[in-house]
Amino acid sequence: MDFRTEIAAALSASAKTPAAELCAMLETPPNPEMGDYALPCFKLAKSMKKAPSAIAAQLKSESVFPGFVSRAEAAGGYLNFFIDRAVFVREALLPVLALGASFGSSNEGNGRAVCIDYSSINIAKPFHIGHLSSTVIGHALYNIFNFLGYKAVGINHLGDWGTQFGKLIVAFRRWGSKEEIENGGVRAMLEIYARFHDEAEQDDSLNDEARAAFKAIEDGDPDALALFDWFRALTLKEVQRVYDLLGVTFDSYAGESFYNDKMQPVVDELLEKGLLELDDGASVVRFPEEDNMPPCLILRSDGATLYATRDIAAAFYRKAAYDFAKSLYVVAYQQNLHFRQVFRVIELMGRPWAKDLVHVAFGMVSTADGTLSTRKGKVVFLEDVLKESIEKTRAIMMEKSPDLAGMDRIAKEVGVGALVFSTLSAARIKDIVFDWDRALNFEGETGPYCQYTHARCCSLLARAEYDPAAEVDYSLITDPESVEVARLLHAFPAAVKAACEKYEPFIITRFVVDLAQAFNRFYLAHRILGEPRNVQNARLALTACARRVIATGLTLLGIAAPEKM
RNA sequence: GCGCCUGUAGCUCAGCAGGAUAGAGCAACGGCCUUCUAAGCCGUAGGUCCCGGGUUCGAAUCCCUGCAGGCGCGCCA
């Protein structure tokens, strides 16, 4: 039952306005005491040639409202509607009880593919906190799109090409040892890479050597290629530990090197369509005046391809391979111009699906003592942060619940969840200054708080031996705290939809916090266990629904919902 | 210089297809565990919604001008 639609239909005749229009006008009053829905009558003043307050009174007296409207009240220029609380609570809880884990999901995607390019780490470089945003935003969107009936395709667009690999090979041949790299992983690679830069400042011939080494990779020289593959494999093995902790997966690891043989057709087509122009020896695509963008560089003056060339080729490949309905790029906003250019070039090439390419931009991550910089050694490894968070969680658990079974697993779920949750708690465009104390705060609007509330629900349901089949008397949970929980449950599907449409996982994060807060208020205000049978049953049903939706929300965000903690 | 983004409580952020007294959390202070998980709950205090114009019955929200900060602007990715 949709309350809004029915209220709007009831008003339509008296207001002489289409129901759909009235439905869009209906809003939620700022305070529940003012009603559940409100119609502001100001806009009707012109067409009805009356004062808003008079309109509200007239609509009230002339309309016949559905039975679930217990009261309609004109207040100022508003007409407020009060829904029968037992009906409202029942309508809110029934779908959750009936659908369980699929409550909030839908089939609107109809199986269409949505490519999501996220995380996209660089080979032989550290996986640091700067990569956390892309990784967890992308992963959450992956879950959300699947939940709404799409077929998400997770793509880790690896940074596995470029002259830096020539440098690394030279550095390794001069100063590296197989054993050190094997044991030290990316940190050891960074060390010899840094040494290369130091020594190359004195001896420029090293740079020539590096260029030659990279050329050797390109030409398929077996020795160079073997080293390159080795660096790649070692890095992937190392980052896999972090992905395992985060529970993040990918369907494709096709990175930059994958597109090496796929760029020529793009260049050919650009030439053929007369889009390519020579400028200072480089080949560029110029944009129409109204685009107000600098040209997009396609080929360097030495004929080498560039970042944009590769991304255009990648977009073509993904369209052909997956026939996506949308293709998302979860990449920091620094690359705003780059993606505007790439998308526009594809549009100029006559591909209507260019409109389905979306840059899901997010803010910069920095540390208080300066921006992240691999060179300056200020880099904070993601794995270190995750481990620290897990350790802190374990310490808290040792204090609060030392006998809990499965401590290791729970400490991992809570410690990791805290970081994921905090990364997903603000609009993605906001910059983040990484702060250990804030990242490891487990109180207030945090992941552990929501997980704790979930565990609290589980504990109640287990103690009461809750029977989902027991009949529920909804008239027993019409107190303000219960109704507030019900109101949020009712709003969950819309929150998921909004998160998907806006590519904003934080909408779900906030929703889960709100629900957890509402449940905790309910919990503190009302006893559940040991109440009369029918009261206990009704409150347990509410608890079961809250637990279910908190768990679903957390799962969508990529966060575990342990039953005990 | 040009373009994009951000500016709301001491701090971190919601609210911004205009609506009724601007909301949370953290930090501070004061309460609540001999009954359901205190990683919790309640209360107190804290705001020129960056400034100035405009549109509107009504602006934190829309438009314009400024200011401050971030990012970007050809052969890196």
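In what follows, chains are A, B, ... by sequence order, proteins preceding strands, each numbered from 1.
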Sub-3.5 Å pairs of nitrogen or oxygen atoms, protein against nucleotides 73-77 of chain B:
| from | atom 1 | to | atom 2 | distance (Å) |
| --- | --- | --- | --- | --- |
| G74(B) | O6 | D279(A) | OD2 | 2.2 |
| C75(B) | O2' | R300(A) | NE | 3.4 |
| C75(B) | O2 | S301(A) | N | 2.6 |
| C75(B) | O2 | S301(A) | OG | 3.3 |
| C75(B) | N3 | S301(A) | OG | 3.4 |
| C75(B) | N4 | D280(A) | O | 2.8 |
| C76(B) | OP2 | R300(A) | NH1 | 2.8 |
| A77(B) | OP2 | Y307(A) | N | 3.4 |
| A77(B) | O3' | E256(A) | OE1 | 3.3 |
| A77(B) | O3' | E256(A) | OE2 | 2.0 |

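- Residue N31(A) is in base contact, counting any heavy-atom pair closer than 4.0 Å across all strands shown.
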Strictly under 3.5 Å: I want the nitrogen or oxygen pairs between protein and nucleotides 1-5 of chain B, one per line.
none

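- Taking atom C1' in both A38(B) and C32(B), the straight-line distance is 9 Å, to the nearest Å.
- Looking at heavy-atom distances under 4.0 Å, M397(A) makes contact with a base.
- Looking at heavy-atom distances under 4.0 Å, Q341(A) makes no contact with the nucleic acid at all.
- The separation between L524(A) atom CG and C41(B) atom P is 7 Å, rounded to whole Å.
- Ring pair W161(A)/F214(A): centre-to-centre distance below 6.0 Å.
- No hydrogens or angles were tested; on distance alone, nothing pairs the side chain of N441(A) with the base of A27(B) as donor and acceptor under 3.5 Å.
- Contact check of residues 502-517 of chain A against RNA chain B (heavy atom, cut-off under 4.0 Å) returns F506(A), R510(A), Q517(A).
- Spacing between atom CZ of F519(A) and atom P of C41(B) amounts to 12 Å, rounded to whole angstrom units.
- Listed candidates were A20(B), G40(B), G70(B). Nearest to the side chain of D431(A) is G70(B).
- Residues from residues 41-53 of chain A that place a heavy atom under 4.0 Å from any atom of RNA chain B, listed by number: F42(A), K43(A).
- Between Y449(A) and the phosphate of C41(B), there is a side-chain N or O to OP1/OP2 separation shorter than 4.0 Å.
- At a threshold of 4.0 angstrom between heavy atoms, the contacts of H526(A) include nucleobase atoms, whether or not backbone atoms are also involved.
- V414(A) comes within 4.0 angstrom of a nucleotide base, judged by non-hydrogen atoms across all strands.
- Nucleic acid contact for N80(A): base, since at least one base atom lies under 4.0 Å from a heavy atom of the residue.
- The NZ-P distance, from K430(A) to G15(B), rounds to 9 Å in whole Å.
- Base pairing of G30(B): its partner is C42(B), meeting the Watson-Crick or G-U wobble criterion (both donor-acceptor distances under 3.5 Å).
- Contact check, R521(A) against C42(B): a side-chain N or O comes under 4.0 Å of OP1 or OP2.
- Whole-Å rounding puts the R428(A) CZ to U6(B) P distance at 11 Å.
- Summarising the geometry, the separation between CD on E484(A) and P on A24(B) is reported as 12 Å, rounded to the nearest angstrom.
- Nearest nucleotide to the side chain of M34(A), out of A14(B), A20(B), C36(B): A20(B).
- Ring geometry for F511(A) against F492(A) counts as tilted: the plane angle lies between 30° and 60°, on a 0 to 90° scale.
- With sequence neighbours left out, the ring-ring contact (aromatic ring centres under 6.0 Å, His included) criterion links F343(A) to Y329(A), F339(A).
- Of the nucleotides present, G19(B) is the one that pairs with C57(B) by Watson-Crick or G-U wobble criteria, both distances under 3.5 Å.
- The CD1-C1' distance, from I432(A) to G70(B), rounds to 14 Å in whole Å.
- Residues that satisfy the salt bridge (charged side-chain N to carboxylate O under 4.0 Å, His left out) test with R438(A), not counting sequence neighbours, are absent from this structure.
- Residue-level contact check: F442(A) touches the bases, meaning some heavy atom is under 4.0 Å from a base atom.
- Nucleic acid contact for M293(A): none, since no nucleic acid atom lies under 4.0 Å from a heavy atom of the residue.
- If you check every strand for non-hydrogen atoms under 4.0 Å, K564(A) touches a base.
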